[in-house]
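The chains referred to below are lettered A, B, ... by the order of the sequence lines, with proteins before strands, and numbering in each begins at 1.
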Amino acid sequence: MSTPESERARFFAGLELVDHHCHGVVRDAVDRAAFEDLITESDVPAPAGATQFDSQLGFGIRAHCAPLLDLDAFATPEQYLDRRAVLGPEEVNRRLLAAAGTGTYLVETGHRGDLIASPAEMARLAAARAYEVVRLERLAEELVERGVSAASFRAAFEDELTERLRTAVGTKSIAAYRIGLDFDPSKPSDDEVDAAVAAWVAERGRLESAVVVRWLIWTAVERGTVLQFHVGYGDPDVDLHRCSPLLLTEFLRRTRDTGTRITLLHCYPFHREAGYLAQVFPHVWFDVGLAINYVGSRSEAVIAESLELAPFHKILYSSDAWGAAELYTLGALLFRRGLDHALARFAELDAWPWAEQRRVAERIGSRNARAVYRLDEATEVPA
Amino acid sequence: MSTPESERARFFAGLELVDHHCHGVVRDAVDRAAFEDLITESDVPAPAGATQFDSQLGFGIRAHCAPLLDLDAFATPEQYLDRRAVLGPEEVNRRLLAAAGTGTYLVETGHRGDLIASPAEMARLAAARAYEVVRLERLAEELVERGVSAASFRAAFEDELTERLRTAVGTKSIAAYRIGLDFDPSKPSDDEVDAAVAAWVAERGRLESAVVVRWLIWTAVERGTVLQFHVGYGDPDVDLHRCSPLLLTEFLRRTRDTGTRITLLHCYPFHREAGYLAQVFPHVWFDVGLAINYVGSRSEAVIAESLELAPFHKILYSSDAWGAAELYTLGALLFRRGLDHALARFAELDAWPWAEQRRVAERIGSRNARAVYRLDEATEVPA
Amino acid sequence: MSTPESERARFFAGLELVDHHCHGVVRDAVDRAAFEDLITESDVPAPAGATQFDSQLGFGIRAHCAPLLDLDAFATPEQYLDRRAVLGPEEVNRRLLAAAGTGTYLVETGHRGDLIASPAEMARLAAARAYEVVRLERLAEELVERGVSAASFRAAFEDELTERLRTAVGTKSIAAYRIGLDFDPSKPSDDEVDAAVAAWVAERGRLESAVVVRWLIWTAVERGTVLQFHVGYGDPDVDLHRCSPLLLTEFLRRTRDTGTRITLLHCYPFHREAGYLAQVFPHVWFDVGLAINYVGSRSEAVIAESLELAPFHKILYSSDAWGAAELYTLGALLFRRGLDHALARFAELDAWPWAEQRRVAERIGSRNARAVYRLDEATEVPA
């Protein structure tokens with residue numbers, strides 16, 4: 001019954017992936033400081049005498065990406081960055097994205113979209129299919145930046161969202177960052193929203209009103225589209241103790257019958273909690289993206305932990321890559337490997353047939369995302 | 001010093017188990033929808049195109065229970081359910097319960113007791129010893145359903161509890177579901193209780209008064225009996241972020257010297273927290289039941305994690321099976337295996353002698369429960 | 001590329017360790033009850049028929065310390081304690097501390113310092129370097145015990161802290177025990193502090209005023225010294241649900257640019273959360289001490305989990321040993337082994353070069369602590 005090693009290796013190397021949450025790659029050359037900033041969630045440089053390369057992610061890059069740039073594995077950071085500069089960003093991006101072997105990217109465009117490749121550019125650079133996911137808070141901020149008045153905000157947002165959802169396959173909320181996931185799960189009244197928008201418009205700045213963010217979320221829910229939530233681990237701007245997905249429980253109860261599909265992103269270190277929600281709520285999916293890259297050699301453990309409570313039709317793949325092409329490559333590589341190892345162990349323990357292992361891997365790698373985001377009916381971004 | 005494989009296998013296969021928390025098996029035939037409902041904590045069917053069989057639990061059933069019904073391992077769900085129907089519930093229950101090899105069941109009768117086997121029926125079906133555990137909230141609800149007045153509620157409950165504890169070996173609270181584990185740890189006054197009962201009796205419905213639930217708990221504590229708490233993972237009715245066992249800390253301090261013994265059930269994903277409480281409080285025990293079945297091939301990891309902070313005399317076994325006979329079988333099988341693997345690893349690392357491994361396994365498998373529930377002096381339910 | 005087993009074993013056995021958080025060893029002979037009390041975080045004896053030796057820590061002692069006292073591995077607790085008594089505390093301490101092979105101890109003197117060896121005695125007994133860490137709450141309590149008035153408290157504390165920091169290399173706070181880590185992150189005003197001290201002085205007793213504890217913490221921060229926080233697991237006096245390091249997030253934001261370095265101690269079961277903080281905040285380090293001893297054969301898993309999000313320059317070693325010499329020995333032994341196994345696995349998966357494994361081990365074992373506490377400029381306690 002056991003599978004020849006070569007067949008197994010070929011299967012996982014070629015496993016179709018839908019990266020259901022990532023951002024664009026940086027187009028321009030980056031210097032060392034900028035590169036180090038791309039490989040940490042910290043917002044300040046490493047202390048004197050230290051480097052962000054001394055981390056699971058840094059070691060992952062040296063182990064797996066250096067050879068893709070014609071270097072020996074574990075080339076020094078200096079050698080790596082020199083070589084990266086010599087090859088230039090277009091070539092580096094092309095090589096690393098090709099190595100990722102991800103066939104489909106769902107690109108979220110809300111975070112510093114001016115610096116990074118658009119979904120169309122991602123499609124071209126990666127020779128892959130790309131679809132857009134819209135960040136709700138950014139959409140709202142753009143309207144206010146463009147001078148939309150408080151009185152016309154709701155209608156303008158509704159119109160803009162309708163327009164964007166003609167092609168975008170889903171929405172994303174960063175409520176975790178702005179108001180915490182312990183937000184009031186009810187939909188605010190129009191009057192409350194108008195007053196909150198007026199206050200926000202008067203003071204400018206980024207959107208931090210709980211009333212407005214809740215209204216954006218409910219507006220997306222009412223469209224019956226996909227709503228991605230940032231959950232768990234992120235940069236120091238987040239209050240991680242207010243980012244457990246369990247805090248969404250009542251919100252999930254209230255949205256269960258609305259037709260919306262909710263995808264919980266990243267989730268580390270609350271991925272077991274996310275697996276519980278994915279089991280008990282029919283409209284909840286989750287992934288352990290972002291963490292996979294950052295925990296590097298430990299990703300097999302985190303991926304195995306993500307295969308506990310959630311049914312196999314409720315688990316997704318994402319890299320959450322932003323900026324550095326290495327993150328798309330490593331995300332895919334470590335995910336394929338972690339899934340391979342976990343399933344191999346399950347087969348060893350409980351004789352999972354190879355056909356069933358493949359079916360589970362295909363579901364998690366691409367089929368679940370394809371169904372959640374209804375990609376077969378969706379509008380691909382033209383490359 | 002190393003143990004012959006065959007002796008080790010024989011020992012764990014025959015390890016005596018006290019399943020200190022389970023419910024009755026469903027007596028009647030179940031159709032596919034009903035069976036799928038028995039193998040998830042969700043309260044709605046799997047989405048279109050998906051099945052609850054595509055989960056660790058479903059794969060566990062196909063791997064281990066299919067052969068017990070004369071099928072190949074990993075028979076399809078259709079084949080499995082067809083065969084189940086052909087054999088009929090009595091035969092299926094008998095075969096699967098026999099395969100569990102659990103010698104003693106502590107059966108909690110409070111959840112939909114009309115649908116499932118009573119403790120006496122469990123004893124007969126499983127050819128095992130059975131004891132009863134009383135659910136406090138259900139007992140209270142039954143009194144109100146029978147028309148007990150608010151004024152006589154406290155006395156009636158005290159009498160009923162006394163009567164039931166003549167034979168029952170412990171009590172159980174589902175405070176986690178009804179009021180959260182962050183309840184006020186003090187005992188409410190009689191006046192508070194009477195007022196709360198009056199309000200509840202007036203409105204009917206299920207018991208959700210924190211005052212009443214707290215009073216039930218304290219009433220059980222004062223009997224010096226065992227008090228089981230649902231902790232952690234459960235169905236979507238639970239607010240899991242209010243179910244960490246750590247929220248019981250102050251309550252545990254106040255009950256330390258009362259003579260009550262407190263057993264924390266399930267605990268996933270807070271089992272490490274439960275292990276801490278079991279170390280520092282002399283009257284606290286815990287298990288990782290329920291999760292073992294639901295995480296299937298991952299159960300060895302969860303069981304290993306349960307063997308960290310808690311002394312070996314503070315860890316228990318339960319299946320938390322309800323309804324499907326498969327859950328008793330798998331619970332026992334995966335527990336035996338997980339304990340075997342964990343102890344083998346400890347022996348490999350730190351040369352735990354085989355006699356000590358056996359002693360630890362026997363404690364966790366049955367001896368601890370036997371002591372906590374004082375089974376040697378208890379009244380077995382007549383089969 | 002692979003390392004000869006013997007070289008690897010030699011390297012880890014000889015790896016230089018800075019134990020950046022421990023206490024003194026008990027100087028006098030202890031009877032069985034006292035010894036059992038030293039090997040649990042519980043504050044009461046094991047229940048009748050049970051012993052604290054039946055735990056991961058107890059088995060660790062029998063496995064690794066018994067041979068150091070000329071017994072067979074897994075000698076019984078009785079044999080072990082008899083032999084311990086025959087050898088006497090000075091010899092036992094000397095042998096076990098020698099076996100630890102820890103070159104440098106940072107000794108925190110605030111907890112029952114009368115019973116245990118001073119830093120100087122530790123240096124002598126262990127033939128090691130020792131430095132002192134000052135517990136802030138104890139320092140404050142000593143002033144009040146000595147009769148310092150509320151009006152002169154602040155000045156007296158500032159003077160005393162200055163005096164102690166002439167030689168001590170850092171400070172420690174047990175805010176987790178006294179007020180929870182969910183404390184108000186702002187510095188209280190002088191008036192608030194004076195009033196709170198006056199109330200405390202009037203009632204005597206231990207320091208439990210949040211205002212005073214916060215002021216102590218900020219006073220240490222303003223010295224730009226190291227501030228250790230007890231985090232996570234401890235004795236039953238702690239409300240563990242208020243001890244997640246994430247509750248410090250806002251405090252960490254406010255102290256980021258002050259020059260203080262913050263070390264999060266123990267952290268179990270919140271060590272993944274601590275790893276996150278160590279990644280995103282430049283002035284945060286952490287360890288998984290205490291837990292390593294208490295989880296024994298499971299320590300390799302906990303150590304592996306500590307090597308996820310945190311950069312390798314942000315992870316430290318500690319034993320958190322107090323009292324029993326066994327805790328220094330086991331802490332070091334299990335830490336060396338866990339780090340060895342984790343790095344070996346990473347090398348197997350991702351071909352980490354042996355030189356890089358060594359560099360990471362040296363950073364975590366001693367170099368990081370040396371930098372954080374600036375030991376190269378510090379005043380060693382004379383042995």
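- Under 3.5 Å, the side chains of A:Glu308 and B:Tyr268 contain a donor-acceptor pair of N or O atoms.
- Taking the centre of each ring, A:Phe312 and B:Phe59 come in below the 6.0 Å mark.
- With a 4.5 angstrom heavy-atom cutoff, B:Thr51 touches chain A only via backbone atoms.
- Taking CD from A:Gln279 and OH from B:Tyr233, the interatomic distance works out to 3.0 Å, rounded to the nearest 0.5 Å.
- Put simply, of B:Ala291, B:Gly234, B:Gly232, B:Gly296, the one with the most heavy-atom pairs under 4.5 Å next to chain A is B:Gly234.
- Between chain B and the residues A:Leu309, A:Thr249, A:Leu277, A:Leu307, the largest count of heavy-atom pairs under 4.5 Å involves A:Leu309.
- Contacts between B:Asn293 and chain A at a heavy-atom distance below 4.5 Å are absent for every atom of the residue.
- With respect to B:Asp54, the side chain to side chain donor-acceptor pair (under 3.5 Å) criterion is satisfied by exactly one of A:Lys314, A:Arg359, A:His313: A:Arg359.
- In this structure, the portions of A:Glu305 lying under 4.5 Å from any heavy atom of chain B include both its backbone and its side chain.
- Contact annotation for B:Ala73: neither backbone nor side-chain heavy atoms come within less than 4.5 Å of a heavy atom of chain A.
- Residues of residues 241-248 of chain A lying under 4.5 angstrom from chain B, judged on non-hydrogen atoms, are A:Leu246, A:Leu247 in numerical order.
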Test log, rule side chain to side chain contact (heavy atoms under 4.5 Å, CB included), inputs A:Phe346 and B:Gln56: CA-CA 10 Å; A:Phe346 301 163; B:Gln56 289 282 1; 3.4 Å; yes
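- For chain B, the option among A:Ala371, A:Ala304, A:Pro311 with the highest count of heavy-atom pairs below 4.5 Å is A:Ala304.
- Summarising the geometry, atom CZ belonging to A:Arg272 is positioned 4.5 Å from atom NE2 belonging to B:His271; distances are rounded to the nearest 0.5 Å.
- Only the side chain of B:Phe270 comes within less than 4.5 Å of a heavy atom of chain A; its backbone N, CA, C and O stay farther away.
- Below 4.5 Å, heavy atoms of chain B meet no heavy atom from residues 169-181 of chain A.
- Closest approach of B:Asp239 to A:Arg253, counting heavy atoms only: OD1-NH2, 2.8 Å.
- For the pair B:Ser297 and A:Trp352, the minimum side-chain heavy-atom distance is below 4.5 Å.
- Residues of residues 319-339 of chain B placed with any heavy atom under 4.5 Å of a heavy atom in chain A are listed by number as B:Arg337.
- Heavy atoms closer than 4.5 Å to chain A are found in both the backbone and the side chain of B:Pro236.
- Most heavy-atom pairs under 4.5 Å with chain B: of the set A:Ile315, A:Val280, A:Val360, this distinction falls to A:Val280.
- Between A:His283 and B:Val44 the shortest side-chain heavy-atom distance does not fall below 4.5 Å.
- Pairs passing the side chain to side chain donor-acceptor pair (under 3.5 Å) check and including a residue from residues 59-70 of chain B, sequence neighbours excluded, read A:Asp350-B:His64, A:Glu356-B:Arg62, B:Asp70-B:Arg83, B:Asp70-B:Arg95.
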